[in-house]
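Below is one structure, written out as structure tokens; comments come after it.
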Amino acid sequence: LWKVNFYDSSGNLADVAFDTWHDDGTELLNDYVSPILGNVCMGVFKATGTRTFRLNHPSWSYDNNGNLIGTVIIHESVTVDRSGNNLSGAVTIDIFDTAGNPLGTLTGGKMTGTRILP
């Protein structure tokens with residue numbers, strides 16, 4: 001279990017979440033936005049090298065009234081440090097409308113995380 005901070009391309013804090021990465025290659029994230037805006041979502045990952053991973057995380061996207069407006073696909077390239085207690089990486093987000101048409105891509109995002117220990 002990790003506490004993860006996400007930053008936009010300007011370095012501003014954009015989101016905070018609790019994130020679990022499971023042995024079977026699945027991931028579950030619970031972020032601090034209101035549940036009406038879809039604060040729980042899932043992803044899949046694979047190892048790409050020593051302590052490095054690639055995450056593909058699809059998520060529903062809602063407006064401030066809780067109406068579905070599309071999907072976003074969050075891509076992360078993550079490295080876990082030698083201690084195994086910290087991670088960091090790059091984040092890219094692809095945005096789609098409800099018909100699956102691409103609306104844009106957000107690049108330059110970063111993430112950091114700290115393992116939550118028992």
Side-chain angles (χ1 to χ4, degrees):
L1 180 63
W2 302 87
K3 182 179 180 196
V4 181
N5 295 321
F6 294 94
Y7 302 91
D8 64 20
S9 60
S10 298
N12 299 308
L13 184 66
D15 197 10
V16 178
F18 296 116
D19 202 2
T20 57
W21 295 53
H22 306 101
D23 286 345
D24 66 356
T26 60
E27 173 257 4
L28 180 67
L29 181 134
N30 180 359
D31 66 355
Y32 73 170
V33 300
S34 169
I36 197 169
L37 299 178
N39 70 327
V40 176
C41 44
M42 302 167 284
V44 293
F45 70 92
K46 70 176 184 173
T48 57
T50 305
R51 298 185 328 275
T52 60
F53 303 87
R54 178 83 178 145
L55 174 73
N56 182 2
H57 182 108
S59 179
W60 302 113
S61 180
Y62 300 89
D63 67 17
N64 289 333
N65 295 316
N67 299 304
L68 180 67
I69 57 173
T71 58
V72 296
I73 309 295
I74 302 165
H75 304 280
E76 297 176 18
S77 296
V78 177
T79 301
V80 178
D81 74 359
R82 290 185 189 277
S83 75
N85 292 320
N86 300 287
L87 53 78
S88 61
V91 180
T92 300
I93 301 173
D94 295 319
I95 305 165
F96 302 89
D97 65 17
T98 55
N101 299 307
L103 298 176
T105 299
L106 302 175
T107 60
K110 304 286 182 198
M111 54 88 67
T112 61
T114 304
R115 187 181 299 274
I116 297 173
L117 300 171

Decide whether [X] and [Y] meet the rule of one side-chain donor and one side-chain acceptor closer than 3.5 Å.
X	Y	value
Asp31	Asn39	no
Thr48	Arg54	no
Glu27	His22	no

same_hphob_cluster([X], [Y]) at 4.5 Å side-chain heavy-atom cutoff:
X	Y	result
Tyr62	Leu103	no
Val91	Leu106	yes
Trp2	Leu28	no

Legend entry - Side-chain donor/acceptor of Ser83 to backbone N/O of Asn85, under 3.5 Å: yes
Legend entry - Backbone of Val80 reached by a side-chain donor or acceptor of Arg51 within 3.5 Å: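 Looks like yes, one N/O pair under 3.5 Å.
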Inset, instruction - Give a yes or no on whether the ring-centroid distance for Phe45 and Trp21 is below 6.0 angstrom. - result: yes
Give me the atom names and distance for the closest heavy-atom approach of [X] to [Y].
X	Y	result
Met111	Val78	SD-CG2, 4.0 Å
Thr107	Ser9	O-CB, 3.4 Å
Gly43	Pro58	CA-CD, 4.3 Å

Atom [atom1] in [X], atom [atom2] in [Y]: separation rounded to 0.5 Å?
X	Y	atom1	atom2	answer
Leu87	Thr52	CG	OG1	12.5 Å
Ile69	Thr98	CD1	OG1	9.5 Å
Asp19	Lys3	CG	NZ	13.0 Å
Phe6	Tyr32	CZ	OH	11.0 Å
Ile93	Ile73	CD1	CD1	10.5 Å
Ser88	Asp81	OG	CG	8.0 Å

Legend entry - Greater than 12 external heavy atoms within 6.0 Å of Asn64's CG: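 No.
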Inset, instruction - Please indicate whether Asp23 has more than 12 foreign heavy atoms, meaning atoms of other residues, nucleotides or ligands, lying under 6.0 Å from its CG. - result: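 Counting neighbours around CG of Asp23, 12 or fewer heavy atoms of other residues, nucleotides or ligands fall under 6.0 Å, so no.
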Side-chain contact, heavy-atom cut-off 4.5 Å: [X] with [Y]?
X	Y	value
Leu13	Asn5	yes
Thr112	Tyr7	yes
Val4	Val16	no

Legend entry - Residue pair Val72, Phe96: steps toward the side chain to side chain contact (heavy atoms under 4.5 Å, CB included) verdict: CA-CA 6 Å; Val72 296; Phe96 302 89; over 6 Å; no
Legend entry - Option from Leu1, Ile116, Leu29 for which side-chain contact (heavy atoms from CB on, under 4.5 Å) with Thr20 holds: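 When side-chain contact (heavy atoms from CB on, under 4.5 Å) is applied between Thr20 and each of Leu1, Ile116, Leu29, only Leu1 qualifies.
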